[in-house]
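A quick note: this is a predicted structure, and the numbers were derived from the prediction, not measured. Numbers here simply count residues along the sequence, with the first being 1.
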Amino acid sequence: YQGFGLMETLVAILLTGVISAAFFTGITQAKLYMESIRIKQNAFRELTNWTNQWKSMVAAGVESFPSNETTVTLNKDKQGNITSEGKLFKTITKSNDSGELATYYNISTYITWNKKRLFLNMNPEEYQDTLRFDTYQIRFNTK
């Protein structure tokens with residue numbers, strides 16, 4: 001006899017199917033991981049812009065700081081629908097170490113967003129992700 005029998009052919013098809021399933025599962029996990037990195041990068045950019053905005057307002061002499069929370073879009077799908085949103089928060093406090101010539105401010109900003117269940121072994125406590133900045137800004141007192 002020459003060639004393959006029915007059993008050898010079925011085993012080869014089964015092994016090909018198992019290997020293909022593992023390969024496509026790995027590709028899907030890699031795409032989800034890249035998506036989470038992209039969202040975190042957008043969150044970092046939004047938080048940097050938010051922090052710099054408040055630092056410049058403090059340096060310019062603004063005394064009142066309204067609205068401690070704002071919502072930003074972190075990711076959209078191909079149709080333009082929002083798939084991930086983040087919330088920006090801030091706390092601005094005047095330092096007690098301020099002198100006669102300058103006033104020091106502590107600016108704490110952070111962004112939170114919900115991670116989708118991107119990975120199979122994710123606990124419910126890990127659905128929330130946060131980036132935080134703690135900076136200082138000096139406002140010179142002009143007389």
Side-chain angles (χ1 to χ4, degrees), residues 4-143:
F4 296 106
L6 177 64
M7 290 305 292
E8 289 90 0
T9 304
L10 289 176
V11 168
I13 290 172
L14 177 69
L15 287 175
T16 304
V18 168
I19 291 170
S20 297
F23 180 72
F24 287 121
T25 301
I27 287 176
T28 302
Q29 286 294 97
K31 285 175 74 174
L32 289 173
Y33 185 69
M34 291 301 294
E35 182 73 16
S36 71
I37 290 173
R38 192 174 306 117
I39 290 172
K40 190 171 235 179
Q41 182 180 13
N42 290 339
F44 179 80
R45 181 179 35 82
E46 291 290 340
L47 182 60
T48 302
N49 292 340
W50 171 260
T51 304
N52 288 335
Q53 174 187 355
W54 287 108
K55 285 178 71 174
S56 64
M57 290 177 75
V58 166
V62 173
E63 289 290 331
S64 63
F65 308 108
S67 177
N68 285 336
E69 176 183 334
T70 227
T71 303
V72 293
T73 301
L74 297 177
N75 196 25
K76 292 183 180 181
D77 61 9
K78 292 180 181 178
Q79 290 79 27
N81 301 323
I82 297 172
T83 59
S84 181
E85 285 186 333
K87 290 190 179 190
L88 292 161
F89 300 91
K90 70 166 174 27
T91 305
I92 301 174
T93 56
K94 191 184 291 189
S95 176
N96 294 332
D97 297 335
S98 298
E100 184 178 313
L101 299 176
T103 306
Y104 301 100
Y105 289 87
N106 180 15
I107 302 173
S108 296
T109 56
Y110 64 97
I111 185 169
T112 61
W113 68 95
N114 288 331
K115 289 195 264 183
K116 295 179 184 170
R117 189 174 173 103
L118 297 175
F119 305 105
L120 299 175
N121 298 329
M122 185 181 273
N123 295 327
E125 300 86 35
E126 296 174 345
Y127 288 163
Q128 191 79 9
D129 208 351
T130 303
L131 285 175
R132 182 177 305 274
F133 287 165
D134 287 319
T135 63
Y136 293 95
Q137 181 62 44
I138 299 172
R139 187 184 81 217
F140 292 104
N141 301 327
T142 57
K143 294 182 182 186

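- Between the side chain of Asn52 and the main chain of Thr48, a donor-acceptor pair closer than 3.5 Å is present.
- In this structure, the side chain of Thr73 does not engage the main chain of Asn75 through any donor-acceptor pair within 3.5 Å.
- Residues Trp113 and Ala43 approach most closely at CZ3-CB, 3.5 Å, considering heavy atoms.
- Formation of a donor-acceptor pair under 3.5 Å by the Ser98 side chain with backbone atoms of Tyr104 is found in this model.
- A salt bridge is absent between Lys87 and Glu46: the closest approach of a Lys/Arg side-chain nitrogen to an acidic carboxylate oxygen does not fall below 4.0 angstrom.
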_Go through it in stages, so that I can follow the logic: the residues are Ile92 and Val58, the test is side chain to side chain contact (heavy atoms under 4.5 Å, CB included), and I'd like the CA-CA distance, side-chain angles, deciding distance and then a yes or no._
CA-CA 9 Å; Ile92 301 174; Val58 166; 4.2 Å; yes
*Glu63 vs Arg139, side chain to side chain contact (heavy atoms under 4.5 Å, CB included): CA-CA, chis, key distance, verdict*: CA-CA 11 Å; Glu63 289 290 331; Arg139 187 184 81 217; 2.6 Å; yes
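- Inter-residue side-chain proximity for Ile111 and Leu74 is flagged as met; some heavy-atom pair is nearer than 4.5 Å.
- Here the straight-line distance linking atom OG1 of Thr83 with atom NZ of Lys76 works out to 10.0 Å at 0.5 Å rounding.
- Distance alone, capped at 3.5 Å, is enough to place a donor-acceptor pair between the Glu8 side chain and the Gly5 backbone.
- Closest approach of Lys40 and Leu131 over heavy atoms only: O-CD1, 4.0 Å.
- When every heavy atom of Phe89 is checked against every heavy atom of Trp50, the shortest pair comes out as O-NE1, 3.5 Å.
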_Before you tell me yes or no, could you show the steps for Ile107 and Lys90 under side chain to side chain contact (heavy atoms under 4.5 Å, CB included), namely the whole-Å CA-CA distance, both residues' side-chain angles and the distance that decides it to 0.1 Å?_
CA-CA 7 Å; Ile107 302 173; Lys90 70 166 174 27; 5.6 Å; no
_Stepwise side chain to side chain donor-acceptor pair (under 3.5 Å) check, Asp134 with Ser108_ = CA-CA 4 Å; Asp134 287 319; Ser108 296; 2.7 Å; yes
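- Between atom CD of residue Gln29 and atom CE of residue Met34 there is a gap of 14.0 Å, rounded to the nearest 0.5 Å.
- Of the possible donor and acceptor atoms, one in the side chain of Asn141 sits under 3.5 Å from a partner among the backbone N and O of Glu100.
- Atom CD1 of residue Ile19 and atom CG of residue Leu14 lie 9.5 Å apart, to the nearest 0.5 angstrom.
- Contact between Gln137 and Ala59 at its shortest, heavy atoms only, is NE2-CB, 3.5 Å.
- Summarising the geometry of Ser84 relative to Asn114, their closest heavy-atom pair is OG-O, 4.4 Å, with the distance given to 0.1 Å.
- Under the 30°/60° scheme for interplanar angles, the aromatic rings of Phe65 and Tyr105 are found to stand perpendicular.
- Heavy-atom contacts from other residues, nucleotides or ligands closer than 6.0 Å to CD of Glu85 number more than 12.
- Smallest separation of non-hydrogen atoms from Thr51 and Thr109: OG1-OG1, 2.6 Å.
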*Under the side chain to side chain contact (heavy atoms under 4.5 Å, CB included) rule, what do Glu69 and Leu88 come out as? Steps first, then yes or no, please.*
CA-CA 5 Å; Glu69 176 183 334; Leu88 292 161; over 6 Å; no
